[in-house]
Amino acid sequence: MKAILACISFCHIDFASPLPTSTSVEASEPAHKLLFAHAVVALAAPPPPSYPQTPPPSPPPLFPPLPPLLPPLVPEEAVAQFFTKVGGSFQQAVNAETVMWDRKQLYGEDAKVAAYVLSASRVLTTLDLQANFIGSEGAIAIADALKFNGVLNTLHLSSNGIKNEGAIAIAEALKGNGVLKFLVLAG
């Protein structure tokens with residue numbers, strides 16, 4: 001269509017005057033056939049070579065991705081079972097400054113609930129989970145929760161059977177946490 005418009009704007013054919021002679025169109029042709037002849041020539045030109053269409057590379061993000069605003073939810077049954085073991089309620093734990101859940105027979109799944117409490121609390125400064133059985137699974141959950149809690153300064157996780165994987169997760173979480181001052185991981 002652009003070729004036709006370009007031809008019309010440059011040819012300036014006066015329909016009242018006699019037709020110009022052309023090598024591609026006879027002079028006896030009406031003007032509308034002359035325009036059509038130019039359009040056919042313009043449209044019949046071979047298409048430009050096609051190159052593979054690869055999308056341009058996306059630019060790097062302007063800002064680093066934000067961490068999630070809320071911790072992952074924990075099933076209600078797990079929360080109920082956890083507070084049956086440790087006593088109290090979720091609301092009491094979230095509003096407490098110190099939580100002593102040592103020697104409560106807590107396992108990896110229980111540590112996920114403890115981690116949820118840690119991540120939801122804005123006042124919890126001391127969390128004692130020593131002498132349980134949370135293992136590396138529980139340590140990883142606690143490490144993830146440290147991303148959401150900006151006030152915890154004391155964490156006791158000794159005698160929990162935490163292996164290298166769990167200890168590494170805690171160490172990685174501490175890179176972005178400038179508040180935690182006391183960490184006990186012995187045993």
Side-chain angles (χ1 to χ4, degrees), residues 48-187:
S50 63
Y51 299 101
Q53 295 293 329
T54 57
S58 58
L62 296 176
F63 302 101
L66 294 174
L69 296 177
L70 297 173
L73 292 177
V74 177
E76 287 184 38
E77 303 88 38
V79 173
Q81 181 182 4
F82 176 81
F83 283 103
T84 300
K85 288 182 176 182
V86 299
S89 70
F90 177 80
Q91 202 61 33
Q92 289 171 332
V94 168
N95 293 320
E97 288 184 17
T98 300
V99 176
M100 305 298 285
W101 289 330
D102 57 313
R103 297 172 180 81
K104 298 288 185 182
Q105 302 292 314
L106 302 178
Y107 293 89
E109 287 298 315
D110 297 317
K112 291 179 182 177
V113 178
Y116 185 69
V117 170
L118 174 61
S119 61
S121 177
R122 298 294 170 247
V123 295
L124 184 61
T125 59
T126 302
L127 176 59
D128 187 348
L129 291 172
Q130 65 182 323
N132 284 296
F133 307 96
I134 67 170
S136 290
E137 177 186 13
I140 291 169
I142 296 295
D144 289 340
L146 288 172
K147 298 173 188 171
F148 298 98
N149 182 293
V151 295
L152 188 74
N153 61 35
T154 304
L155 178 60
H156 293 278
L157 295 175
S158 62
S159 301
N160 270 295
I162 297 172
K163 305 292 181 206
N164 288 343
E165 181 182 14
I168 290 170
I170 294 286
E172 290 294 322
L174 292 179
K175 287 181 180 178
N177 183 314
V179 179
L180 193 69
K181 303 290 183 226
F182 303 101
L183 171 65
V184 182
L185 276 175

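Only heavy atoms go into these numbers, but all of them, side chains included; no hydrogens, no water, no symmetry mates.
In this structure, CG on Asp102 lies 10.0 Å from CG on Leu127, to the nearest 0.5 angstrom. In this structure, CG on Leu157 lies 5.0 Å from CD1 on Ile134, to the nearest 0.5 angstrom. Atom CD1 of Ile170 is separated from atom CD of Glu165 by 12.0 Å, given to the nearest 0.5 angstrom. With rounding to the nearest 0.5 Å, the separation of CG in Asp128 from CZ in Arg103 is 7.5 Å. In this structure, Ile168 CD1 and Ile162 CD1 are separated by 12.5 Å, a value rounded to the nearest 0.5 Å. Expressed to the nearest 0.5 Å, how far CG of Asn95 lies from CG of Leu124 amounts to 10.5 Å.
Closest approach of Lys104 to Met100, counting heavy atoms only: CE-O, 4.2 Å. Across all their heavy atoms, Lys112 and Val74 have their closest contact at O-CG2, 3.9 Å. What you find for Ala169 and Ala143 is that their closest heavy atoms are O-CB, 3.4 Å. Of all the heavy atoms in Ala115 and Ala141, the pair that sits closest is CB-O, 3.3 Å. Closest of all the heavy-atom pairs between Glu137 and Gly108 is OE1-CA, 3.7 Å.
Checking Asn177, Thr126, Leu183 one by one against Asn153, the side chain to side chain contact (heavy atoms under 4.5 Å, CB included) holds for a single residue, Thr126. Leu118 pairs with exactly one of Val113, Leu152, Val94, Asp144 by the side chain to side chain contact (heavy atoms under 4.5 Å, CB included) rule, that one being Leu152.
Using modelled atom types, one side-chain atom of Asn160 and one backbone atom of Asn132 make a donor-acceptor pair closer than 3.5 Å. In this structure a side-chain-to-backbone donor-acceptor pair under 3.5 Å is missing from Ser119 to Phe148.
A 4.5 Å side-chain heavy-atom check between Gln130 and Ser159 finds every atom pair outside the cut-off.
Applying the ring-ring contact (aromatic ring centres under 6.0 Å, His included) definition to pairs two or more places apart or across chains, those involving residues 121-140 are Tyr107-Phe133.
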With a 3.5 Å cut-off and sequence neighbours excluded, list the donor-acceptor pairs that the side chains of residues 75-86 form with protein atoms.
{"from": "Thr84", "atom 1": "OG1", "to": "Ala80", "atom 2": "O", "distance (Å)": "2.8"}
{"from": "Lys85", "atom 1": "NZ", "to": "Gln105", "atom 2": "O", "distance (Å)": "3.3"}
{"from": "Lys85", "atom 1": "NZ", "to": "Asp110", "atom 2": "OD2", "distance (Å)": "2.6"}

